[in-house]
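One structure is given below, encoded as structure tokens.
Nothing here was measured: the structure is a model prediction, and the numbers come from that model.
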Amino acid sequence: MTQPPLVLGPLLRYVDATSAAVWVETRDAARVVVRAAGRSWEARTFAAHGHHYALVEVVGLQPGSIEAYTVEVDGTPVWPDAGSDNPASVIATMRPGKPLRMAFGSCRTSVSHDAKGNKTHGVDAMRSYALRMARGESGPDHERWPDLVLFLGDQVYADETTAEMKEFIESRRDTGEPPWEELKDYEEYAHLYRLAWTDPANRWLLSTLPSLMIFDDHDIRDDWNTSRSWREKMEATSWWHERIVSGLGSYWVYQHLGNLSPAERAQDELWQRIAAWDGTDELDITETLDKFAERVDQEPETYRWSYARDFDDVRLVVVDSRAARVLTPGHRSILDDTEMAWLDEQMQGGFRHLLVGTSLPFLLSPGLHHLEAWNEALVNGAWGRFGSWVGEHIRQVVDLEHWAAFQRGFAEVAEMALSVAYGERGPAPETVTFLSGDVHHSYVSEVHKVGGRRRGRAEGDGGDGGGAVGGVEPARRRTGRRSRIVQAVCSPIRNPLPRYMRFATAILSYGLAGPMGTVAARSAHVPDPPFRWRSVQGPWFDNNLAVLEETPKGLAMAWYTGVVTGGDHLNPELDEVASVLIRPGRPRRLSRASRVKGRLRRFRAARSLRPR
């Protein structure tokens, strides 16, 4: 069967008030043309590892316009698909003054959408949302669509492969040899992205809803850069070098390139070479791409995967919490000095909302935060050499590698958030909101107290927060307006935990981890966090996609899941799982009775989940 000229895409990526970027993968070297509003824009493909790509820069659009577009490859119309019932793909430019509406989520595997696939992996929340967008109540309602979608990691799974991916791998090599049924090279990554983005409904959504992306560990491998010990173990294998080079190289092509604004692309070292190519033949960047990926893996300070976007009075900062880590024992940080300095520059007031996208939750449940902080202290020698060995084993087995397990980096970013929240970096926003994924359950937490508890007397109980630095809240933080500091997690889009794991996660994270974490952290003399936080909503374990909206009353967030009705697995309905409104002002105080009810609600949630 002959492969069509358009292999993958179009993906609508970076969009602002007057321009857009349309990404495609084609079968052959070609010229790609995008047509909209009676105009056309074109780009020549570039090649990497035998695959052909183009990023068409669409410029000169009107702010707030909504224009249907088509794609041609060497003069042949290839999009929209002639057999599709979906509405026309559109480019909707940003409208100055329009309140931001953004979807976000993480962790999505690619299996079939029939009864078999839904039984093992649940209903795809992204696809359910795409079907809702395409249908509307009386046709597509562009005004209610999100302005963009932010994917917060694990867009693809390079280590936990599906049956379809395994079949492709087995057609190429012996899976009895390393890396077995995991991905090995660029060709396998290219096929993995094809599986992830070719379902008709999801393909349409990605063609019409601008997207931003950041990787997490499964885009490369589980626990990527957990510790120096983990990294040394990987680098000693015969297959890791090709895996990391292929993973980072394909990430630049399939995900990162589309994150960049026109100005950022003009400064990007790889794009500069592509844009400057004036030869008659297609530019092949394979060797350059591989050398680039190898270098940024070994010298992460030489390239930044993080980026920031401003949407009128909302700033979104998306942080790489994987590749830029410092893994030297005793000097660990989740961000290196270069990355930390860049983040420090972005963490500013003067916006209505400051959003920080990071694949790993900045605020875990307080008890689990204490356990991860204790584990880091243990590995650093708090209980001697044997304790360090035990701690490293626990770290890798139980995945204790979030922000809390990098206390130096956590403390620095926590201080940045506080200084923004108290108006020390410009007028305090209404919220400083961390958006995350990774943990395969969703929740909302909020900082409710700064200072006020002595070091060494933290009472983290799984619901009411950690300790605090010092015994008295600093004078600069006792008066004046303060932003609400919030953690919102949406995970997974489609990769639910088995039922027993859901219940165990709820018990550990929101029950046993409280007293265990407090005692363990005290025993290792772990410094208390600079604030306390508590659960506002959750956890829940459904596949879901969240939508955040700037409203006159505050920051509104809702989580949506797909639900099969009448046995029609291919056309699920969309159901709201949870919602929360973060109003301006200080968080309200909760009574002891309210806190107890909250804990009971969380355990009931773990027991009364929808079947997979």
For Ser207, all residues meeting side-chain contact (heavy atoms from CB on, under 4.5 Å), sequence neighbours excluded: Pro10, Tyr69, Trp79, Ser89, Trp204
Validation row, ring centre His441 to ring centre Trp540 under 6.0 Å: no
Flag, side chain of Arg265 to backbone of Leu260, donor-acceptor distance under 3.5 Å: yes
Audit row: Leu148, Leu212, side chain to side chain contact (heavy atoms under 4.5 Å, CB included) steps and yes/no: CA-CA 8 Å; Leu148 71 156; Leu212 297 172; 3.4 Å; yes
Closest heavy-atom pair and its distance - Asp438, Asp217: OD1-OD1, 4.1 Å
Can you give me every donor-acceptor pair (side chain of residues 404-413, partner residue at least two apart or in another chain, under 3.5 Å) with its distance?
residue	atom	partner	partner atom	Å
Gln407	NE2	Ala404	O	2.8
Arg408	NH2	His331	O	3.3

Pair Arg144 + Glu549: basic N to acidic O under 4.0 Å: yes
Given Val318, Val149, Asp219, Leu11, the one that forms side-chain contact (heavy atoms from CB on, under 4.5 Å) with Met213: Leu11
Worked verdict on Val356 versus Leu435 for side chain to side chain contact (heavy atoms under 4.5 Å, CB included): CA-CA 6 Å; Val356 183; Leu435 306 175; over 6 Å; no
Arg322 side chain vs Trp224 backbone, donor-acceptor pair below 3.5 Å: yes
Salt-bridge criterion met for Arg325 and Glu339 (N-O under 4.0 Å): no
Contact summary for Asp16 and Pro262, nearest pair of heavy atoms: OD2-CD, 4.5 Å
Flag side-chain contact, heavy atom, 4.5 Å: Arg304 against Thr338: no
Exercise: identify the closest heavy-atom pair between Cys490 and Ser442: CA-OG, 3.5 Å
Where Phe215 and Ala323 come nearest, the two heavy atoms and their spacing: CZ-CB, 3.8 Å
For Ser491, all residues meeting side-chain contact (heavy atoms from CB on, under 4.5 Å), sequence neighbours excluded: Ser106, Cys107, His440, Val489
Donor-acceptor under 3.5 Å (Ser436 side chain, Thr358 main chain): yes
Test ring-ring contact (aromatic ring centres under 6.0 Å, His included) applied to Phe104 - qualifying residues, sequence neighbours left out: none
Sidechain-backbone polar pair: Asp154 side chain, Val156 backbone, donor-acceptor under 3.5 Å: no
Close aromatic pair by centroid cut-off 6.0 Å: His353 and Phe351: no
Close side-chain approach of Val317 and Leu343, heavy atoms under 4.5 Å: yes
Residues Asp147, Arg101: salt bridge by 4.0 Å N-O rule: no
Asp336 side chain reached by Trp342 side chain, heavy atoms, under 4.5 Å: no
From Gln346 atom CD to Leu316 atom CG, the distance as rounded to the nearest 0.5 Å: 10.5 Å
Phe151: ring-ring contact (aromatic ring centres under 6.0 Å, His included) partners, not counting sequence neighbours: none
Pairing residues for Asn543 by the side chain to side chain donor-acceptor pair (under 3.5 Å) criterion, not counting sequence neighbours: none
Worked check of ring-ring contact (aromatic ring centres under 6.0 Å, His included) between Trp533 and His448: CA-CA 5 Å; Trp533 62 96; His448 73 100; 9.1 Å; no
Non-neighbouring partners of Glu376 that pass salt bridge (charged side-chain N to carboxylate O under 4.0 Å, His left out), sequence neighbours left out: Arg332
Validation row: Lys449, Val447 side chains within 4.5 angstrom (heavy atoms): no
Side-chain heavy-atom pair Tyr129, Leu545 within 4.5 angstrom cut-off: yes
Verdict with supporting geometry, Val486 and Val444, side chain to side chain contact (heavy atoms under 4.5 Å, CB included): CA-CA 7 Å; Val486 177; Val444 181; 3.8 Å; yes
Exercise: identify the closest heavy-atom pair between Tyr251 and Ile214: OH-CA, 3.3 Å
Donor-acceptor pair, side chain of Arg425 and main chain of Asp344, under 3.5 angstrom: yes
Basic-acidic side-chain contact under 4.0 Å: Glu446, Arg484: yes
Donor-acceptor contact present, side-chain Thr93 to main-chain Ser65, <3.5 Å: yes
Side-chain (Ser483) to main-chain (Pro429) donor-acceptor, under 3.5 angstrom: yes
Closest non-hydrogen atom pair between Ser359 and Asp216, with its separation: OG-OD1, 2.9 Å
Residues which pass salt bridge (charged side-chain N to carboxylate O under 4.0 Å, His left out) with Asp320, listed by chain and number, not counting sequence neighbours: none
Backbone of Ser579 reached by a side-chain donor or acceptor of Gln537 within 3.5 Å: yes
Residues forming a ring-ring contact (aromatic ring centres under 6.0 Å, His included) with His218, sequence neighbours excluded: Tyr157
Side-chain touch Arg135/Glu573, heavy atoms, less than 4.5 angstrom: yes
Partners passing ring-ring contact (aromatic ring centres under 6.0 Å, His included) against Trp403 (at least two apart in sequence or in another chain): Phe362
From CE (Met340) to CG (Leu335), nearest 0.5 Å: 4.5 Å
Side chain to side chain contact (heavy atoms under 4.5 Å, CB included) between Gln255 and Gln155, intermediate numbers included: CA-CA 9 Å; Gln255 298 195 51; Gln155 279 68 260; 2.8 Å; yes
Test applied, side-chain contact (heavy atoms from CB on, under 4.5 Å); reference residue, Leu355; option that passes from Met102, Glu550, Arg315: Met102
Asn202 side chain to Arg127 backbone, donor-acceptor under 3.5 Å: yes
Pairwise side-chain contact, Ile66 with Ile91, heavy-atom cut-off 4.5 Å (strictly under): no
Thr433 vs Leu555 side-chain heavy atoms within contact, under 4.5 Å: yes
For Arg13, side chain to side chain donor-acceptor pair (under 3.5 Å) partners two or more places apart: Ser211, Asn259
Arg108 side chain vs Ala196 backbone, donor-acceptor pair below 3.5 Å: yes
Pairing residues for Glu67 by the salt bridge (charged side-chain N to carboxylate O under 4.0 Å, His left out) criterion, not counting sequence neighbours: none
Over 12 non-hydrogen atoms of neighbours within 6.0 angstrom of CD in Glu301: yes
